[in-house]
Amino acid sequence: MSEQISTQPSWPFREAERVAARLKQKGKTEALFETGYGPSGLPHIGTFGEVARTSWVRKAFTDLTGLPSRLLAFSDDMDGLRKVPDNVPNKEMLKHHLGKPLTKVPDPFGKFDSFGEHNNNMLQDFLNEFGFEFEFASSSDYYASGRFDNALLHVLAHHDAIVEIIRPSLGPERRASYSPILPIHPRTGIVMQVPIDQVDVEHGTVFWTDPDTNTKFETAVTGGAAKLQWKADWAMRWHALDVDYEMSGKDLIDSVKLSSAIVRALGTEPPVCLTYELFLDDKGQKISKSKGNGLSVEQWLTYAPKESLGQFMYHAPQRAKRLFFDVIPRATDDYIAAVAALPTAEKPHENPAWHIHGGELPEHAGSPIGFAMLLNLASVINADSPEMLWGFIRAYIPGANAETYPFLARLVHHAIIYNRDFVAPKKQFRAPGDVERGALLDLAESLKANEMVQYPGATPAEQLQNLVYAIGKRHPFAPLKSWFDCLYQVLLGQVEGPRFGGFIALYGIERTIALVETALARGVEAA
RNA sequence: GAGCCUGUAGCUCAGUGGUAGAGCAUUCGACUUUUAAUCGAAUGGCCGUGGGUUCGACCCCCACCGGGCUCACCA
């Protein structure tokens, strides 16, 4: 057995190897990576995942081969508008344009020349926000400009073969009418899904009949007068552009199979394909834009830095993963751990941070404190401002601030919001008993009277601590500990809490008084 | 009907051929005029079942059982 020090490559490198092998076989010296976007429009978390993952494979390919490559973000904006989306204005107007290519439908938002253009701009803005390097491509442009003409004529010449490939996958009804060619109706502009009566390969046209008017038409397949049905479209594009790599979700497994068969019929080897598992919501259901379940990119970025989303997408793309709020802290801490490990990593290519940052960590990447710990801390001290957290952080890392630890500063920002939205609402505040009520009133009055100055201590925190302690003593608490339990449970809504003097100092005396008064008022309601 | 994923500590999950891991939870300890963050330690696993390959299997192959998802005349 030969020594296999097989530095088992990370999945982007494994994929890159496959791409390199394909190029070698074809004698190509440049690789084309593609990601596709359906017509239903707005970019979502799956879009991010697909582009991020494809970009990682591309980067690995560059590292591996030194060859140039391109990433084409291809928008299916010539697809017909099938139904009016729920989340747009001017629905009534859109109804009148159902069936037309998206680039022929007016923009319901009124900002662009067409709905398709609107979506295309949203997509590009979205990708640019993350700094992805890509070239945008519009299906409508490619069809109209004639860039697909040769390939379309090629498809026409293989019309029957393609029909035979698709037909077995169809139900009886569609089986009778199926054609990969969808003519655009010359009068209504609608993408027609009709039987093709006859194919004229020589003239590059198809003959069909309008089912409503029984009018017969002859339509060129070139120049944007017709488009292709989805699976044939995909295959034609692979063939025309000679795409080397494209990944897709497992819901498209059958499409990949059929499109691969079609592209082979056209005489081209299909690209290297990767099927990734879908993202599931908290109940294990597929995340879909229309259902609005799961988690949006915006939501993720509200609660954690974008690098953590990259971490989530990096890990095991071929495994189904739950994509819900509660996975955010872990993804963030996994990322932080990866950053910490990267500088001394023996196999940097296996480290997610290497991929997320394109091979080189930015300055000030990483954090000396984990996100989970920050969340814990935020909860304990009921943090609602960054300064409160920094106060405690500085006890741990003297002198730390947002400038010396910029990434930590971002974590602090997110921790406060995460705590506010997910942790704080679940807190259980109990009403104070009679003794407790008296002591709390005493506390509020003492704070107002600035009594703390009478107590020993080098800092306000210590003086406040002594004041709190003294108040506990002058009220009949059985064990003194129960006074502190009261503070935590009544004021902070948690079983245990921080040293209270320090808490008041950070939280602010005025606000602590308000906190006490709120708690007392709550007690009255409960009683 | 076809396909894909999955079964590892109480929970959530890492771990693709070489002595079973992390986080949380639990227990104990340290620090503290009560605490908490934190730090240290401990407890805890026939790695779904049965075969096979191998010097060696959580890992590779086969079968079975359990859990789940996706697709089936839209893209």
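Just so it is clear: chains get the letters A, B, ... in the order the sequence lines come, proteins before strands, and each one is counted from 1.
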Exercise. Atom CG of A:L258 and atom P of B:A2: how far apart are they, to the nearest Å?
Worked result: 17 Å
Problem set entry | A:Y303/A:F422 aromatic ring centres below 6.0 Å | yes
Exercise. Between the base of B:U70 and the side chain of A:E277, is there a donor-acceptor distance below 3.5 Å?
Worked result: no
Seminar exercise, completed: Nucleotide by nucleotide, nucleotides 21-30 of chain B touches protein heavy atoms under 4.0 Å in the pattern (B base, S sugar-phosphate only, - none) ----------
Exercise. Base, sugar-phosphate alone, or nothing: which one does A:Q229 contact when heavy atoms must sit under 4.0 Å apart?
Worked result: sugar-phosphate
For this session: Round to a whole Å and report the spacing from CD1 of A:I471 to P of B:U35.
Result: 19 Å
Problem set entry | Test of ring centre spacing under 6.0 Å for A:Y335 and A:F407 | yes
For this session: Classify the angle between the aromatic ring planes of A:H355 and A:F13 as parallel (below 30°), tilted (30 to 60°) or perpendicular (above 60°).
Result: perpendicular
Seminar exercise, completed: When A:M373 and A:I253 are each assigned the nearest nucleotide of RNA chain B, the 5'-most assignment goes to A:I253
Exercise. So what does A:L252 hit on the nucleic acid, given a heavy-atom distance under 4.0 Å: a base, only sugar-phosphate, or nothing?
Worked result: base
Problem set entry | Nucleotide forming a Watson-Crick or wobble pair with B:C59, both distances under 3.5 Å | none
For this session: Quick one: look up who B:U53 pairs with, Watson-Crick or G-U, both distances under 3.5 Å, and put none if it's unpaired.
Result: none
For this session: Please state how far atom CD1 in A:I369 lies from atom C1' in B:A37, giving the value in whole angstrom units.
Result: 10 Å
Exercise. Is a side-chain N or O of A:R437 found less than 3.5 angstrom from the main chain of A:P432, in a donor-acceptor match?
Worked result: no
Seminar exercise, completed: Any strand, both distances under 3.5 Å, Watson-Crick or G-U wobble: B:G17 pairs with none
Problem set entry | Distance, P atom - from B:G48 to B:U16, rounded to whole angstrom | 15 Å
For this session: Could you measure between the two C1' atoms, the one in B:C58 and the one in B:U6, and give it in whole Å?
Result: 14 Å
Exercise. Which nucleotide, B:U38, B:U34, B:A75, lies nearest any side-chain atom of A:D79?
Worked result: B:A75
Exercise. Using the C1' atom in both, what is the distance from B:U49 to B:G66, to the nearest Å?
Worked result: 10 Å
For this session: Compute the ring centroids of A:W56 and A:H349, then answer whether they are less than 6.0 Å apart.
Result: no
Exercise. Taking the C1' atom of each, how far is B:C71 from B:A63, in whole Å?
Worked result: 26 Å
Exercise. For A:S75, which of A:N119, A:N120, A:T35, A:T103 qualifies under side-chain hydrogen bond (donor to acceptor under 3.5 Å, both in side chains)?
Worked result: A:N120
Problem set entry | Phosphate contact (B:G15 OP1 or OP2) by A:R319 side-chain N/O below 4.0 Å | yes
Problem set entry | P spacing across the pair B:A36 / B:G29, given as an integer number of angstrom | 13 Å
Exercise. For A:F392, which contact category applies under a 4.0 Å heavy-atom criterion: base, sugar-phosphate, or nothing?
Worked result: nothing
For this session: In whole angstrom, give me the gap between the C1' atoms of B:G68 and B:G15.
Result: 22 Å
Exercise. Does a donor on one side chain sit under 3.5 Å from an acceptor on the other, for A:T209 and A:D197?
Worked result: yes
For this session: Using both distances under 3.5 Å as the test, list the Watson-Crick or G-U wobble partner of B:U38, or none.
Result: B:A30
For this session: For B:A75, take OP1 and OP2 only and decide whether either is under 4.0 Å from a side-chain N or O of A:Q193.
Result: yes
Exercise. Partner of B:C4 by Watson-Crick or G-U wobble geometry, both contacts under 3.5 Å, or none?
Worked result: B:G68
Problem set entry | Listed nucleotide nearest any side-chain atom of A:R174, set B:A75, B:C73, B:G3 | B:C73
For this session: Considering only atom P, compute the distance from B:G52 to B:A57 and round it to an integer number of Å.
Result: 12 Å
Problem set entry | Length of the CZ-C1' vector between A:F312 and B:U12, whole Å | 13 Å
Exercise. To the side chain of A:Y488, which of B:C73, B:G3, B:U35 is closest?
Worked result: B:U35
Exercise. Say you pick atom P in B:A22 and the same atom in B:U43; how far apart are they, in whole Å?
Worked result: 12 Å
Seminar exercise, completed: Testing B:C73, B:U16, B:A75 for proximity to the side chain of A:R14, the answer is B:U16
Seminar exercise, completed: Out of B:C73, B:C71, B:C4, minimum distance to the side chain of A:E173 belongs to B:C73
For this session: Provide the closest heavy-atom pair for A:I165 versus A:A265 in the form atom of the first, atom of the second, distance.
Result: CD1-CB, 3.9 Å
Exercise. Which one is paired to B:C24, where only Watson-Crick or G-U wobble pairs with both distances under 3.5 angstrom count?
Worked result: B:G10
Exercise. Is any side-chain N or O of A:Q318 closer than 4.0 Å to OP1 or OP2 of B:C4?
Worked result: no
Problem set entry | Selected nucleotide, minimal atom distance to A:H315 side chain, candidates B:G15, B:A75, B:A37 | B:G15
Problem set entry | Closest to side chain of A:F484, choosing from B:C74, B:U34, B:C73 | B:U34
Problem set entry | Parallel, tilted or perpendicular: rings of A:F126 and A:F48 (30°, 60°) | perpendicular
Exercise. Does the ring centre of A:F312 sit less than 6.0 Å away from the ring centre of A:W300?
Worked result: yes
Seminar exercise, completed: The residue, A:S169 or A:K227, whose nearest nucleotide of RNA chain B is more 5′ is A:S169
Exercise. Between B:U6 atom C1' and A:Y276 atom OH, what is the distance in whole Å?
Worked result: 20 Å
For this session: Could you tell me whether the side chain of A:K250 has a donor or acceptor atom within less than 3.5 Å of a complementary atom in the base of B:C5?
Result: no
Problem set entry | Working for side-chain hydrogen bond (donor to acceptor under 3.5 Å, both in side chains), residues A:W11 and A:Q318 | CA-CA 10 Å; A:W11 70 262; A:Q318 284 167 305; over 6 Å; no
Problem set entry | Interatomic distance, A:F74 CZ vs B:A75 P [rounded to whole Å] | 15 Å
Exercise. To the nearest Å, how far apart are A:L278 CG and B:G3 C1'?
Worked result: 12 Å
For this session: Would you kindly give the CZ-to-P distance between A:R322 and B:U12, to the nearest whole Å?
Result: 9 Å
